Amino acid sequence: MTNNKSGLSEIVKSVCCWIEGFIFLFGCYIVLFGHLTPGGGFAGGVIMAASFILIMLSFGKERVDLLFPWTRSTLVESFGALLFIGVAWLGIYYGGGFFANFLHQKFGGTPFTFLSGGTIPISNVAIALKVMAGLFLVFYVLSTHKVILDEDISKTEKDK
Amino acid sequence: MVHVIIYILIIFMLLAALVALEAKNLLSSVVSIGAVGFMLSVVFLLLRAPDIAIIQVIIEILTLVILIRATIAVDVHLVKNIRQFFPFAICMVLLLLLFMFASKAMDLLPEFGNYLSEVAPHYLANGLKETGSANIVTSVILDYRAYDTLGEATVLFTAILGAVVLLRRKAKND
C-alpha cells in the first residue's frame, strides 16, 4: 500500500488484501494434510506460489520485494531440495535403504491421524517449499527481467 | 451416465482446441486453451482421480496467468493464409495413418480399471500398513516410487536454474 501508482486499481488491491492470506493458508493445508486427503507437496506448493503471484500482479513488484525477495526465494528452493535429499539419505542410515520410511518403521503412528506416514509429510513440506519458490522465481524472472542490448545502453547514455 | 458426460466434455475439448488453433486473436486462443484445461480437470475428477484434478486446475490457472501476461502486449502479425495442397495432403495422410495405428494400439490396452502391473494389488493391499499414509497416491509417490519424484524435482530444479541464470539482471564483471 506504500506505492499507490504501481499495480492494478484500488478495488483489486483491497480484495487481494482480504484473500491472499486465505489462499496461502489453503496451500499450507493441502501440503500438511497431503498424506490424508487428496493433494500433496506439488499442488500445495503451486497454490502458495499463486498467492505470491497474485500479490505481484495486483500490487506491483515493490511489495513482493519486501515480502519475499528473490534472493530469499532461491535460498528457500535450495533448502527444499536439500531437505528432500536429506530425508532420503537418513533412510540409508536408519531404515536400510535410500528413501526408506524409517520414521514409520520406528514409531508407527495411528493411521488416519495427522501424526502418521513417517517421512511422507516431511517430504511433502520439502517438495512444497521447492515448488513454491521455484514457480514464483520463474514468474518473477520472466515478468520483470529485461534483456538490455548494447544499443539500448548507448541510447540511454545519450539521453542522459 | 458418467461415460456420457465424459464424452460430451471430450467433444467440447476438441472444439475448444480447434478454436484455439483458428482464432484470429492471440488472447482468445489462450482463453480457449484454458477452457480445454479446465474441462480436462473435470474429466479427471469424474474418473476418480482427485489428486490429478487438483494439480490440473492449479497449473491451468498459473499457466493462464503467465500466458495472458505474456500475450496481452504482443502485436499479432497477420499472415496471408495460403494452404498449399501437397503439404496439406501429406499431413492428412500421416494423421490418418497415426489414427489407424493408435486405434490398433488402443485395442490392445486392458479395459478401464483393470491393471497389468503385478505390484498394483500389493500397493493397494499393504500401502496403509507399510507406509502409514491414508492417501494411497501420496504413499506411492513419496514412498514406493520416490525415485520418480526425485527425478521430477531434479528436472524442475534444473529448469528454474537455467531460467534464473539466463535472465538475471546483472552479469558478473569479468
Side-chain angles (χ1 to χ4, degrees), chain A residues 30 33-44 46-47 49-50 53-54 57 70 74 77-78 80-81 84-85 88 91 98-101 103-105 108-113 116-121 123-124 126-127 130-131 133-135 137-148, chain B residues 44-45 48-70 73 127-150 152-171:
Chain A
I30 292 263
F33 284 77
H35 55 298
L36 301 176
T37 54
F42 192 78
V46 181
I47 295 177
I53 288 173
L54 177 71
L57 284 178
W70 77 287
T74 54
E77 199 208 352
S78 310
F84 189 51
I85 296 200
F98 201 59
F99 277 116
N101 198 339
L103 281 177
H104 179 70
Q105 290 168 9
T110 50
F112 299 104
T113 56
S116 67
T119 57
I120 288 177
S123 310
N124 260 336
I127 291 177
K130 219 190 88 58
V131 170
L135 287 181
L137 256 183
V138 164
F139 186 76
Y140 185 89
V141 161
L142 282 179
S143 64
T144 64
H145 287 200
K146 282 178 187 169
V147 178
I148 300 174
Chain B
F44 281 143
L45 200 61
R48 298 177 194 171
D51 292 78
I52 307 292
I54 288 177
I55 289 178
Q56 175 67 33
V57 165
I58 299 158
I59 288 289
E60 198 58 47
I61 292 171
L62 206 68
T63 47
L64 261 188
V65 166
I66 292 176
L67 281 177
I68 287 177
R69 198 183 161 88
L128 182 59
K129 199 173 64 190
E130 285 179 359
T131 66
S133 160
N135 184 3
I136 192 77
V137 178
T138 313
S139 78
V140 172
I141 287 176
L142 289 176
D143 194 294
Y144 292 117
R145 288 274 176 270
Y147 275 108
D148 285 327
T149 312
L150 182 63
E152 174 203 335
T154 315
V155 168
L156 194 64
F157 190 79
T158 320
I160 290 159
L161 194 73
V164 172
V165 166
L166 285 178
L167 295 171
R168 67 191 162 173
R169 180 167 290 173
K170 288 165 190 163

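Numbered from 1 within each chain, the chains take letters A, B, ... in sequence-line order. From a predicted model like this one, the values you see are computed outputs, not experimental measurements.
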### Task
Fit a plane to each ring of Phe84(A) and Phe99(A), take the angle between them on a 0 to 90° scale, and name the class: parallel (under 30°), tilted (30 to 60°) or perpendicular (over 60°).
tilted
### Task
Using a cut-off of under 4.5 Å on heavy-atom pairs, state which of Val57(B), Leu161(B), Ile54(B), Ile160(B) scores highest against chain A.
Ile160(B)
### Task
Find the one option among Leu62(B), Thr131(B), Asp51(B) whose heavy-atom pairs under 4.5 Å with chain A are most numerous.
Thr131(B)
### Task
Measure distances from Glu130(B) to the heavy atoms of chain A and classify the residue's part below 4.5 Å as side chain, backbone, both or neither.
backbone
Shortest non-hydrogen separation from [X] to [Y] and the atoms involved:
X	Y	value
Ala49(A)	Leu135(A)	CB-CB, 4.0 Å
Ala43(A)	Ile55(B)	CB-CG1, 3.7 Å
Ile30(A)	Pro38(A)	CD1-O, 4.4 Å

### Query
Is the shortest heavy-atom distance from the side chain of Val46(A) to the side chain of Ile59(B) under 4.5 Å?
yes
Proximity breakdown for [X] and chain B, heavy-atom pairs closer than 4.5 Å:
X	answer
His35(A)	both
Thr37(A)	backbone
Ile53(A)	side chain
Leu103(A)	neither

Top residue by heavy-atom pair count (under 4.5 Å) with chain B, among [options]?
options	value
Ile120(A), Ile127(A), Val138(A), Thr119(A)	Ile120(A)
Ser123(A), Gly34(A), Pro111(A), Gly40(A)	Gly34(A)
Gly39(A), Ser116(A), Gly44(A), Ala50(A)	Gly39(A)

### Query
side chain to side chain contact (heavy atoms under 4.5 Å, CB included) between Leu142(B) and Asn101(A): does it pass, once the steps are laid out?
CA-CA 9 Å; Leu142(B) 289 176; Asn101(A) 198 339; over 6 Å; no
### Query
Is a side-chain N or O of Thr149(B) found less than 3.5 angstrom from the main chain of Ile141(B), in a donor-acceptor match?
yes
